[in-house]
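Encoded as structure tokens, the structure appears first; notes follow it.
Here the structure is a predicted model, which is why all the values come from computation and not from measurement. Hydrogens, waters and symmetry mates are skipped; everything else that's a heavy atom, side chains included, is used.
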Amino acid sequence: MSEQSSSRSHTPSTEESPVWDPSHQGTGQPAAGWASGPAGGSGWAAGGVVFAGVLMLVHGLLAVFQGIAAIAGDDVYAQIDDYVYKINLTGWGWILLIVGAGAVATGAGLLKGAAWARAVGIALAALNLVLQFLFLPYAPVWSIVLIAIDVFVIWALAAYRPPRATARPA
């Protein structure tokens with residue numbers, strides 16, 4: 001019995017292969033049975049596109065409501081007397097309403113997997129980032145939160161590489 005146990009400890013069977021396998025050293029390929037990352041890029045970016053779509057959809061709806069509130073009455077937001085980038089609040093309301101409607105459409109496109117939605121989403125998130133920076137005096141905390149969300153959306157849409165469709169033989 002001791003002869004059998006000593007032979008098992010020195011020669012591993014295929015069922016008990018070691019985690020480190022020198023046969024794969026330097027090949028750049030993972031050992032058999034080890035899964036590699038998703039084909040479309042990092043898992044964060046792939047999941048981030050869906051999350052970015054949801055964020056754009058929700059943010060767009062909130063921007064539409066923010067724009068309506070700004071158009072409806074100037075007493076909703078604080079009055080800013082001396083500001084370099086001062087636009088009257090009704091003008092900001094129309095800008096937010098239009099950008100918000102575009103964000104809703106782009107967020108829906110991202111969730112449906114539309115190819116155009118990634119480029120438009122990056123452009124809209126960048127535009128909204130600048131607009132929120134200019135809107136800082138009116139709603140500082142909200143603007144900073146939306147700037148952070150826009151940075152994430154830009155990263156997620158720029159980092160994701162969708163898997164390419166393979167040509168089928170005819």
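- Side chains of Leu96 and Phe135 form a contact here, defined as non-hydrogen atoms less than 4.5 Å apart.
- Between Ile154 and Ile122, the closest heavy-atom pair is CG1-O, 4.2 Å.
- Across all non-hydrogen atoms, the minimal contact from Gly100 to Ala63 is CA-CB, 3.7 Å.
- For Leu134, the side chain to side chain contact (heavy atoms under 4.5 Å, CB included) partners two or more places apart in sequence, or in a different chain, are Tyr83, Tyr85, Trp92, Val130.
- Cluster annotation: Ile98 and Leu124 are assigned to distinct hydrophobic clusters (Ile/Leu/Val/Met/Phe/Trp/Tyr, side-chain heavy-atom contacts under 4.5 Å, transitive).
- Between Ala101 and Val64, the closest heavy-atom pair is N-CG2, 3.7 Å.
- In the hydrophobic clustering of ILVMFWY residues, with side-chain heavy atoms under 4.5 Å counting as a link, Ile144 and Leu131 come out together.
- With rounding to the nearest 0.5 angstrom, the CD1 atom of Ile71 is 10.0 Å from the CD1 atom of Ile95.
- The shortest distance between side-chain heavy atoms of Thr90 and Trp94 falls below 4.5 Å.
- A side chain to side chain donor-acceptor pair (under 3.5 Å) check over residues 140-151, counting only residues at least two apart or in different chains, returns the pairs Asn128-Asp150, Gln132-Ser143.
- Closest of all the heavy-atom pairs between Leu110 and Ala117 is N-CB, 3.5 Å.
- Listed by chain and number, the residues in a side chain to side chain contact (heavy atoms under 4.5 Å, CB included) with Ala52 are Val153, Ala156, Leu157 (sequence neighbours excluded).
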